[in-house]
Amino acid sequence: MTSQRVLPQSKETLLQNYNKRLKDDIRSILDNFTEIIKTAKVEDETQVFRATQAEQDHYEMHVRAANIVRAGESLMKLVSDLKQFLILNDFPSVNEAISLRNQQLRTLQEECDKKLISLRDEIAIDLYELEEEYYSSRYK
């Protein structure tokens with residue numbers, strides 16, 4: 001859209017909230033993924049035994065993977081909220097769709113009216129001819 005619509009304060013705040021949620025969830029996915037990659041690197045000898053370190057790394061990876069899944073679910077909820085917002089608050093496009101459908105139905109009504117008038121005229125002509133035949137018939 002080339003022209004920016006002026007939104008009420010509550011809608012503007014809601015859109016800013018959606019934008020913040022999007023950025024936070026993307027940042028969470030990126031940070032957790034980066035930390036999983038860092039954890040997967042084999043480090044030199046540390047003061048902790050390898051088995052203990054491996055178990056700790058395994059647990060950390062599970063937690064971070066769960067955080068990624070949570071952020072993904074949050075993004076899916078955000079998409080649902082955005083769709084709902086658009087459906088409920090996009091009055092110009094809804095009005096345009098209603099006007100277009102209204103125009104289509106009016107055109108269809110005009111076509112039907114023309115066909116009905118044409119049928120009426122044809123039936124009137126046929127009925128007139130039948131009446132003429134009936135009244136002029138000698139078999140009355």
Side-chain angles (χ1 to χ4, degrees):
M1 259 194 270
T2 56
S3 64
Q4 185 77 9
R5 277 189 246 151
V6 178
L7 296 173
Q9 187 63 30
S10 61
K11 291 181 184 177
E12 188 66 35
T13 305
L14 190 59
L15 290 175
Q16 288 173 353
N17 183 25
Y18 289 157
N19 197 17
K20 183 184 179 315
R21 282 174 49 191
L22 174 68
K23 288 179 181 179
D24 289 346
D25 289 338
I26 296 295
R27 187 176 306 113
S28 175
I29 289 172
L30 181 63
D31 292 345
N32 282 298
F33 189 73
T34 303
E35 290 301 318
I36 287 175
I37 298 299
K38 286 180 184 176
T39 304
K41 291 181 181 176
V42 178
E43 295 180 9
D44 293 333
E45 291 297 321
T46 60
Q47 295 179 351
V48 182
F49 289 116
R50 279 199 186 276
T52 307
Q53 185 65 40
E55 193 61 34
Q56 181 181 352
D57 292 346
H58 184 255
Y59 178 71
E60 183 180 350
M61 285 184 186
H62 275 282
V63 170
R64 295 204 177 272
N67 288 341
I68 290 172
V69 169
R70 182 209 48 80
E73 289 172 348
S74 178
L75 285 173
M76 289 176 23
K77 173 73 170 115
L78 177 63
V79 168
S80 174
D81 290 347
L82 285 170
K83 287 179 181 178
Q84 183 179 10
F85 176 82
L86 184 64
I87 289 169
L88 295 177
N89 295 306
D90 194 14
F91 295 119
S93 66
V94 171
N95 289 339
E96 183 180 334
I98 290 172
S99 297
L100 178 64
R101 184 65 178 154
N102 193 13
Q103 183 61 36
Q104 290 171 342
L105 292 174
R106 285 190 193 279
T107 304
L108 181 62
Q109 179 186 7
E110 290 172 5
E111 290 173 8
C112 289
D113 287 346
K114 287 177 184 175
K115 288 180 183 178
L116 285 172
I117 289 171
S118 172
L119 281 172
R120 181 197 66 189
D121 293 343
E122 289 176 19
I123 290 174
I125 292 170
D126 291 341
L127 181 62
Y128 180 76
E129 290 174 359
L130 286 172
E131 286 176 345
E132 285 292 315
E133 184 66 32
Y134 176 75
Y135 289 122
S136 66
S137 171
R138 60 182 180 159
Y139 298 111
K140 272 197 234 187

Determine whether L75 and I29 make a side-chain contact, defined as any pair of heavy atoms from C-beta on separated by less than 4.5 Å. yes
Would you compute the distance between atom OG1 of T39 and atom CD of Q56 and round it to the nearest 0.5 angstrom? 9.0 Å
Are the side chains of I68 and I36 in contact, using a 4.5 Å heavy-atom criterion? yes
I'd like to check M61 versus H58 (side-chain heavy atoms, cut-off strictly below 4.5 Å). Are they in contact? no
Does T34 reach the main-chain N or O of L30 with its side chain, forming a donor-acceptor pair under 3.5 Å? yes
Enumerate the residue pairs fulfilling salt bridge (charged side-chain N to carboxylate O under 4.0 Å, His left out) with a member in residues 55-69, sequence neighbours excluded, ordered by first and then second residue. E60-R64
Interatomic distance, E131 atom CD to D126 atom CG [nearest 0.5 angstrom]: 11.5 Å
With a 3.5 Å cut-off and sequence neighbours excluded, list the donor-acceptor pairs that the side chains of residues 96-104 form with protein atoms.
unit_1	atom_1	unit_2	atom_2	d
S99	OG	N95	O	3.0
R101	NH1	Q104	OE1	3.4

Are L22 and M76 co-members of a hydrophobic cluster defined by side-chain heavy atoms under 4.5 Å apart? no
Look at atom CZ of F33 and say whether more than 12 heavy atoms of other residues, nucleotides or ligands are closer to it than 6.0 Å. no
Donor-acceptor contact present, side-chain N17 to main-chain T13, <3.5 Å: no
Is L15 reachable from I26 through a run of I, L, V, M, F, W or Y residues, each pair having side-chain heavy atoms under 4.5 Å apart? yes
Please report the interatomic distance OH(Y18) to CZ(R21), rounded to the nearest 0.5 Å. 6.5 Å
To the nearest 0.5 angstrom, please state how far the CG atom of L14 sits from the CG atom of N19. 11.5 Å
Take E129 and I125, measure what side chain to side chain contact (heavy atoms under 4.5 Å, CB included) needs, and give me the verdict at the end. CA-CA 6 Å; E129 290 174 359; I125 292 170; 3.7 Å; yes
N-O pairing of R27 and D24 below 4.0 Å: yes
Are F85 and L78 connected, step by step, through hydrophobic side chains (Ile, Leu, Val, Met, Phe, Trp, Tyr) whose heavy atoms are closer than 4.5 Å? yes
Rounded distance [0.5 Å steps], CG in N67 versus OG in S74: 12.0 Å
Contacts under 3.5 angstrom, residues 110-122 side chains, donor-acceptor by atom type, not counting sequence neighbours:
none

What distance do L86 atom CG and Q84 atom CD have between them, rounded to the nearest 0.5 Å? 11.0 Å
Pair D81 + K77, salt bridge at N-O below 4.0 Å: yes
